[in-house]
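Right, one structure below, let's go through it.
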Amino acid sequence: MGVSTLAVAAIALFFIPVPKVREPNCLTAKPGCTSNATSNGSPSPTLSPSAAGGSPSPSPTSVSSASPSPTTSPSAQPDLAKLESTLTSAPEISDSAEVDALQKKLYGKIDKAWKTRSPINQDLVYRVGVDKNGAIVGYKPVNPAALKNAKQTPLLDLLALPAAGSTPSASEPLAQYKVVFTSSGVLEVAPWKQAMASPLNKTPEITDSAQLKDLQQQLYDQIDKSWKEAPTFEQDLVFRVRVKSDGTVLDYKPDDQNASDYVQETLCPN
């Protein structure tokens, strides 16, 4: 029965005609080029726009040849000159509470992204502008070392690229900060105007050793006499402080983030 069944099936298959397949006229995507139909009249799976009655779904070829969006391409490079001009043309956010909130947000964003803190011989100083959402929309190297070693910072990776290579709106207010990647691996972020107006940038340094020793003792006595409250912080707070020749405190700056977080518990603001 098995042999008889096989013989009958073989005879039946003998009478089925072998389908003929045509070789396509064109093997690459060209304008006006469509695939040939098979010999039995069935249409090819890929239809031309006119035959489909509308715009077809993009073929794999059209998808692979599409240009990436400038806002999402990892290789897109911004025009830094245009981004720098935004810092000088855009209005500034003046609300002190908002400036403080954006400062903390900017510090946290950069500090988290600055993973490879390669040794550098000089501080890298930048002027950075952020919008009301805390997105970095522009930055400018302040010193030559910052321009030369920009790739050692995460600023370019954190930069919010404008759509289609355009610049941010000049009418959008920005908060601007002085961002310093120090040679010791410590990040510093301060409001731009406040940092540039600081007397630390204008006052010459006292170098006489005897005078320095005397001023050191005066500063110690002032702090020790006025510091009454018990601290709540568990780590040392380090500040850089300058005094005038008469012993009056001129300015101060937190030396790390821990000092910046607990500055209100110190005598520095007063």
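- Here the CG atom belonging to Asp157 is positioned 11.5 Å from the CD1 atom belonging to Ile110, to the nearest 0.5 angstrom.
- The aromatic rings of Trp227 and Phe233 lie parallel to each other, their planes meeting at an angle below 30°, with 60° marking the opposite boundary.
- A side-chain donor-acceptor contact under 3.5 Å links Asp208 to the backbone of Gln211.
- More than 12 heavy atoms of other shown residues, nucleotides or ligands fall within 6.0 angstrom of atom CG in Asp224.
- Remark: the backbone N or O of Ile136 is not paired with any side-chain donor or acceptor of Lys109 at under 3.5 angstrom.
- Separating the CG atom in Leu215 from the NZ atom in Lys244 is a distance of 12.5 Å, to the nearest 0.5 Å.
- Note on Val179: it clusters hydrophobically with Trp114, by side-chain heavy-atom contacts below 4.5 Å among ILVMFWY residues.
- Not a single donor-acceptor pair under 3.5 Å links the side chain of Asn133 to the backbone N or O of Ala135.
- Leu155 and Leu147 fall into different hydrophobic clusters, where Ile, Leu, Val, Met, Phe, Trp and Tyr residues are linked whenever their side-chain heavy atoms come under 4.5 Å apart, directly or through other members.
- A single hydrophobic cluster is seen to contain both Leu159 and Leu124, as judged by linkage of ILVMFWY side chains at heavy-atom distances under 4.5 Å, directly or through other members.
- Smallest separation of non-hydrogen atoms from Ala146 and Val125: CB-O, 3.3 Å.
- Considering all non-hydrogen atoms of both residues, Asn121 and Ser183 come closest at C-CB, 4.3 Å.
- Val238 and Val189 fall into different hydrophobic clusters, where Ile, Leu, Val, Met, Phe, Trp and Tyr are joined by side-chain heavy atoms under 4.5 Å apart, directly or via other members.
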**Report entry** Leu219 vs Gln216, side chain to side chain contact (heavy atoms under 4.5 Å, CB included): CA-CA, chis, key distance, verdict
**Finding:** CA-CA 5 Å; Leu219 177 62; Gln216 178 181 344; 5.9 Å; no
Query - side chain to side chain contact (heavy atoms under 4.5 Å, CB included) evaluation trace for Asp131 with Glu172 - result: CA-CA 7 Å; Asp131 62 15; Glu172 182 179 5; 3.2 Å; yes
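- Looking only at distances, no side-chain donor or acceptor of Gln176 sits under 3.5 Å from a matching main-chain atom of Arg127.
- Proximity of a side-chain donor or acceptor of Lys151 to a complementary backbone N or O of Lys148 within less than 3.5 Å is not detected.
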Query raised in the report: Step by step, would you call Glu188 with Lys178 a side chain to side chain contact (heavy atoms under 4.5 Å, CB included)?
Result: CA-CA 8 Å; Glu188 297 178 359; Lys178 180 182 179 182; over 6 Å; no
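- We find the OH-CG distance between Tyr262 and Leu237 to be 8.5 Å, quoted to the nearest 0.5 Å.
- The same ILVMFWY cluster, assembled from side-chain heavy atoms under 4.5 Å apart, contains both Leu156 and Tyr126.
- Asp111 meets the side chain to side chain contact (heavy atoms under 4.5 Å, CB included) test with Tyr107, Arg117, Leu187; sequence neighbours excluded.
- Atom CD of Glu98 has more than 12 neighbouring heavy atoms from other residues, nucleotides or ligands inside a 6.0 Å radius.
- In this structure, the side chain of Tyr177 engages the main chain of Val99 through a donor-acceptor pair within 3.5 Å.
- A 6.0 Å sphere centred on CG of Asp246 holds more than 12 heavy atoms belonging to other residues, nucleotides or ligands.
- In this structure a side-chain-to-backbone donor-acceptor pair under 3.5 Å is missing from Gln222 to Val249.
- In terms of modelled atom types and a separation under 3.5 Å, the side chain of Asp123 and the main chain of Val180 share no donor-acceptor contact.
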